[in-house]
Amino acid sequence: MPEPRPLPTAAAAVPPEPLLAPYRPITRRRKALIVLLTLTTVGVLAVEMLKPHMQLMNAKAARADAAARIACPPGAATVAAGCPGSTMPVLMLPAGQASTWR
């Protein structure tokens, strides 16, 4: 038959000290540092994620500018329709009956 366990004594009833340090609130300076690091991280991630899109948009703009220079060369004797300095056709609608609002 196994031996009975010894009865707990007063010293054994005291819980052992925790291994973690007690909670201490963080200072304003530390909070400001955390906020600054968070905002910096968000900013860097946003810029890095938008880089491919900005490169695409810059390439499209460059192609559009090149196409416009080809279609509308500066100093051309005649200016094609749609180029700066050309005349644009205007549609004139016939005058309708005078309407009155009452």
Gap between atom [atom2] of [Y] and atom [atom1] of [X] - 0.5 Å precision:
X: Ile70; Y: Asp65; atom1: CD1; atom2: CG; result: 11.0 Å
X: Leu50; Y: Leu45; atom1: CG; atom2: CG; result: 10.5 Å
X: Leu33; Y: Leu37; atom1: CG; atom2: CG; result: 4.5 Å
X: Asn58; Y: His53; atom1: CG; atom2: NE2; result: 9.5 Å

Subject >> Shortest non-hydrogen contact between Ile34 and Thr38, atoms and distance >> reply: O-OG1, 2.7 Å

Original post:
Any side-chain heavy atom of Met54 sitting closer than 4.5 Å to one from Lys51?
Top reply: no

